[in-house]
Amino acid sequence: QVQLVESGGGLVQAGGSLRLSCAASGRIFSDYAMGWFRQAPGKERELVAAIARSDIRTYYSDSVKGRFTISRDTAKNTVYLQMNSLKPEDTAVYYCAADPRSTYFGISRDDQTYDSWGQGTQVTVSS
C-alpha cells in the first residue's frame, strides 16, 4: 500500500476556488491510478475525479465536470484536485485514494478497488 496525506481544504465562498493536494509515499507512485472521493454528511461516498496510471485518461462525475481538474506530478509524488466555481453542494470531506489494480489506461469507479486512503480534508463552501 501507499501512504496518502491530503491538504488544501478550507472554507471558501461560493464561486471561489481551492486546490487539494495528496502527497504519496511508500510505493512507486506511477503504479497507481488515483481518485478523489468526497462524502457529505448523510450521503454516500462518491468518486468525483480520477486519473489513470498513464495520466492520459481522466474521469469526472457529472456534478463536477467542467469545474474540477485532476492532475498528477510524478516527480513530487503528488496528485492535485483543482476546484473552481465551487458551490455549496460541493461541501464535503474529500479523500484521495490509490488503486493498484486498474490497467495502465483504466479507471475504476468502484471504491473497493482503491486500497489506500488518506485521512480526508474538509471543504466547506458558503453561500
Side-chain angles (χ1 to χ4, degrees):
Q1 290 186 337
V2 62
Q3 288 74 50
L4 304 172
V5 179
E6 302 101 333
S7 61
L11 174 65
V12 64
Q13 288 188 333
S17 298
L18 283 174
R19 188 176 79 157
L20 305 183
S21 299
C22 174
S25 62
R27 294 291 297 271
I28 301 173
F29 187 51
S30 57
D31 285 350
Y32 295 83
M34 299 296 296
W36 282 99
F37 291 78
R38 70 184 181 188
Q39 187 165 24
K43 295 188 176 181
E44 291 189 356
R45 184 168 59 191
E46 63 167 334
L47 176 66
V48 296
I51 187 165
R53 289 167 54 199
S54 65
D55 290 348
I56 294 175
R57 285 193 63 208
T58 56
Y59 163 83
Y60 297 97
S61 66
D62 288 342
S63 61
V64 307
K65 196 172 296 182
R67 300 187 298 121
F68 290 13
T69 303
I70 188 170
S71 62
R72 183 203 309 251
D73 186 334
T74 302
K76 295 183 178 180
N77 281 359
T78 302
V79 64
Y80 303 99
L81 186 67
Q82 178 67 44
M83 306 186 295
N84 298 328
S85 302
L86 283 161
K87 304 176 181 180
E89 50 263 44
D90 294 318
T91 295
V93 178
Y94 284 71
Y95 301 89
C96 71
D99 163 20
R101 301 184 182 91
S102 289
T103 62
Y104 189 65
F105 295 102
I107 290 176
S108 173
R109 303 179 192 181
D110 180 358
D111 60 1
Q112 298 301 310
T113 305
Y114 296 78
D115 70 352
S116 301
W117 293 81
Q119 82 287 353
T121 185
Q122 176 71 45
V123 171
T124 303
V125 184
S126 63
S127 58

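Computed from a prediction, not measured in an experiment: that's the story for all the values here. Numbers here are sequence positions counted from 1.
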Show me the donor-acceptor pairs, under 3.5 Å and distance only, between side chains in residues 13-21 and residues at least two apart or in other chains.
residue : atom : partner : partner atom : Å
S17     : OG   : N84     : OD1          : 2.9

ask   = How far does OG of S102 sit from CZ of R109, to the nearest 0.5 angstrom?
value = 11.5 Å
request  = Quick one: list whatever passes salt bridge (charged side-chain N to carboxylate O under 4.0 Å, His left out) with E46, sequence neighbours left out.
outcome  = R38
message = For a quick test of reading the model, state the closest non-hydrogen atom pair linking D90 to R67 and the distance between them.
response = OD2-NH1, 2.7 Å
query = Any disulfide bond (SG atoms under 2.5 Å apart) pairs touching residues 73-127, not counting sequence neighbours?
reply = C22-C96
inquiry  = Could you work out, with side chain to side chain donor-acceptor pair (under 3.5 Å) as the rule, every residue matching R72, not counting sequence neighbours?
reply    = D55
remark   = Sorted by chain and residue number, the side chain to side chain contact (heavy atoms under 4.5 Å, CB included) partners of A97 (sequence neighbours excluded) come out as F37, Y114, W117
ask   = By side chain to side chain contact (heavy atoms under 4.5 Å, CB included), which residues pair with Q122, not counting sequence neighbours?
value = T91, V93, T124
task = Return the minimal non-hydrogen interatomic distance between Y60 and I70, and the atom names on each side.
result = OH-N, 2.8 Å
message = So which atom in V123 and which in M83 form the shortest heavy-atom distance, rounded to 0.1 Å?
response = CG2-CE, 3.8 Å
message = For a quick test of reading the model, state the closest non-hydrogen atom pair linking L4 to A24 and the distance between them.
response = CD2-CB, 3.7 Å
message = Considering only residues two or more places apart or on different chains, which pairs with a residue in residues 61-105 satisfy ring-ring contact (aromatic ring centres under 6.0 Å, His included)?
response = none
request  = Sequence neighbours left out, what passes side chain to side chain donor-acceptor pair (under 3.5 Å) with T74? Give chain and number order.
outcome  = none
ask   = Side-chain heavy atoms under 4.5 angstrom apart, residues restricted to Ile, Leu, Val, Met, Phe, Trp, Tyr: same cluster for V64 and I51?
value = yes
note = Contacts of S108 meeting side chain to side chain donor-acceptor pair (under 3.5 Å) (sequence neighbours excluded), chain-then-number -> T113
inquiry  = Going by salt bridge (charged side-chain N to carboxylate O under 4.0 Å, His left out), name the residues that satisfy it together with R101, two or more places apart in sequence or in a different chain.
reply    = none
query = Can any side-chain N or O of Q119 pair as donor or acceptor with the backbone N or O of E6 at less than 3.5 Å?
reply = yes
request  = Name all residues meeting the side chain to side chain donor-acceptor pair (under 3.5 Å) criterion together with K65; count only those two or more places apart in sequence or in a different chain, and write none if there are none.
outcome  = D62
request  = Return the set of residues passing salt bridge (charged side-chain N to carboxylate O under 4.0 Å, His left out) with R45 (not counting sequence neighbours), or none when no residue passes.
outcome  = D111
ask   = Is it the case that more than 12 heavy atoms not belonging to I28 sit under 6.0 Å from its CD1 atom?
value = no
message = If you compare all heavy atoms of V2 against all heavy atoms of A98, which two are closest, and at what distance to 0.1 Å?
response = CG1-CB, 3.5 Å
request  = Taking all heavy atoms of A49 and all of L81, pick out the closest pair and write down the distance.
outcome  = CB-CD1, 3.8 Å
task = Enter the distance from D110:CG to D99:CG here, rounded to the nearest 0.5 Å.
result = 9.0 Å
